[in-house]
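Positions are given from 1 along the sequence. Just so you know, ligand 1 is whichever comes first in the structure, and atom 1 is the first atom listed for that ligand.
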Amino acid sequence: MQLPLLAEPAAILSATSMRQTARSGTFTDNLRLPLHRWFRYSAGFSAEWAEQVIAEYRSGSSFTVLDPFAGSGTTLLAAEKSGVAAFGFESHPFVQRIAEAKLAWPIESADVAAAAETVCVAARRPAAFAAHVSGAPDLLKRCYTDSALAELYAMRNAYESLRDAGHPAAQLIWLAVTCVLRQCSGAGTAQWQYVLPNKSKSKVASPLIAFQAKIDQFLADMRIAHAQGWRSDARVFSHDARNSDMPIQPNSIDLVVTSPPYANNYDYADATRLEMMFWGEITGWGDLQGAVRKHIIRSCSQHSAADKVDLSVTVGHSSLAAIAPEIQVVCDELADVRLGKGGKKAYHTMVAAYFLDMAATFASLRSACKSGATMCFVVGDSAPYGVYVPVDRWLGELAVANGFKSFRFNKLRDRNTKWKNRKHTVPLHEGQLWIEG
Ligand SMILES: C[S@@+](CC[C@H](N)C(=O)[O-])C[C@H]1O[C@@H](n2cnc3c(N)ncnc32)[C@H](O)[C@@H]1O
């Protein structure tokens with residue numbers, strides 16, 4: 001198996017390249033990069049690393065990259081900067097809009113400035129939205145002062161008018177308002193984490209000032225991308241990676257650069273509750289299952305519990321045959337261990353459903369990819385309730401069972417701090433799963 005990036009001895013990789021590889025799993029470095037820095041997505045990975053992988057593998061004029069778990073669009077923007085064709089799938093409706101809005105950077109700056117001015121004018125007259133504030137969902141009332149919420153509602157209303165009029169900058173306005181929501185909340189809202197209404201922050205931005213600063217950042221970064229001649233045709237589809245009925249041509253992909261949800265109970269739906277509630281897409285936590293979770297990989301116990309996953313049917317599914325004996329043992333152990341835990345979390349069905357979903361994803365990717373394609377998955381393993389799940393190896397085996405030729409895992413770092421309850425000391429890791437064929 002020839003793996004240009006990883007088969008080389010470390011000594012002949014440049015220092016920059018090694019640093020980028022080591023930091024591939026983190027979004028933090030993107031906060032200094034034009035366009036990537038617009039929205040801080042803590043589930044994201046490094047854009048410079050994605051560019052590096054694309055540079056290593058690109059060949060021929062029809063070379064095409066796919067990110068089936070596109071998130072905030074890191075791979076797609078890295079491909080545009082590299083001048084390479086790219087597609088992405090993202091099935092979380094809110095996250096897909098973020099990626100799509102970032103990909104709208106090529107529009108005219110004058111359109112963005114004009115639309116932003118409309119929003120600013122509206123935000124200076126928040127009094128008209130006092131009634132909206134009094135009828136606001138409780139979570140929003142706990143996160144914002146009345147005046148901040150009225151200003152934000154005025155902005156929302158201005159955005160809706162732009163959208164309804166088909167204004168070319170509407171998506172970017174939506175993104176700018178979305179980006180300032182956490183900055184303007186007095187409640188604890190760690191970046192892109194769940195909301196903590198009982199904690200308060202010392203630094204709270206004014207909606208209007210934060211919005212204007214965001215628009216200035218957009219305009220500056222758009223100028224950079226234009227000046228550097230970035231390609232501008234990447235697309236992110238609202239599509240479920242598990243679904244083999246794809247919006248792209250079969251056998252068209254040369255390289256997959258991606259990071260799927262990890263089987264670590266991170267709830268992508270709850271992480272967007274504040275934003276989706278502000279935009280009126282959900283009215284409460286109870287809506288998240290139908291609005292978000294049903295569209296995404298089952299990687300948290302709330303999801304598999306709500307789905308009423310049948311363990312024996314799932315583990316016994318023919319798509320999991322390659323790992324069936326092992327996953328059966330792990331899920332049975334989890335089913336047993338949970339009974340002794342207060343939360344009785346449904347990790348046993350979460351693990352089974354996660355791998356069934358990923359098996360379906362590999363089947364779809366097999367038909368999307370050309371023969372001889374390369375895929376790189378940034379992934380981490382997990383140990384719910386201290387029961388070890390060899391995620392990278394099982395994913396590799398499922399990829400091979402679905403027609404890929406081989407896999408290899410390159411560990412980048414140890415991690416065992418993610419689990420809040422840290423009741424176990426099982427060593428965990430994160431790295432790159434390279435799949436060939
Ligand atoms: C680890 S994040 C990827 C982040 C991305 N690399 C970035 O830098 O922004 C995984 C993403 O997969 C999305 N996702 C989950 N299930 C999916 C599915 N079935 N199809 C497509 N996307 C999905 C999640 O919403 C999440 O945004």
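- When only interatomic distances are considered, the shortest N/O to N/O separation between Ser72 and ligand 1 falls below 3.5 Å.
- Within ligand 1, counting atoms from 1 as listed, the ones closer than 4.0 Å to a heavy atom of Arg242 are 19 (N).
- Of all the atoms in ligand 1, the ones that sit under 4.0 Å from a non-hydrogen atom of Ala70 are 5 (C), 7 (C), 9 (O).
- Aromatic ring pairs are classed by plane angle as parallel below 30°, tilted from 30° to 60° and perpendicular above 60°; the pair His239 and Phe89 is perpendicular.
- Counting only distance, with no hydrogens or angles, the side chain of Lys214 and the backbone of Val177 share no donor-acceptor pair below 3.5 Å.
- Set against the non-hydrogen atoms of His239, the atoms of ligand 1 under 4.0 Å away are 20 (N), 21 (C).
- Contact atoms of ligand 1 toward Asp240: 18 (C), 19 (N), 20 (N) (distance under 4.0 Å to a heavy atom of the residue).
- Taking the six-membered ring where tryptophan is involved, the planes of Phe377 and Phe69 are perpendicular, since the angle between them exceeds 60° and thus also 30°.
- Of the candidates Tyr266, Phe69, Tyr41, Tyr41 brings a heavy atom nearest to atom 26 (C) of ligand 1.
- The residue among Glu90, His36, His295 with a heavy atom at the shortest distance from atom 25 (O) of ligand 1 is Glu90.
- Under the 3.5 Å distance criterion, the side-chain polar atoms of Asp29 are left unmatched by any main-chain donor or acceptor of Ser46.
- A donor-acceptor contact shorter than 3.5 Å links the side chain of Arg338 to the backbone of Lys345.
- Aromatic ring pairs are classed by plane angle as parallel below 30°, tilted from 30° to 60° and perpendicular above 60°; the pair Phe45 and Trp49 is perpendicular.
- For ligand 1 and Pro260, the ligand atoms under 4.0 Å from any heavy atom of the residue are 1 (C).
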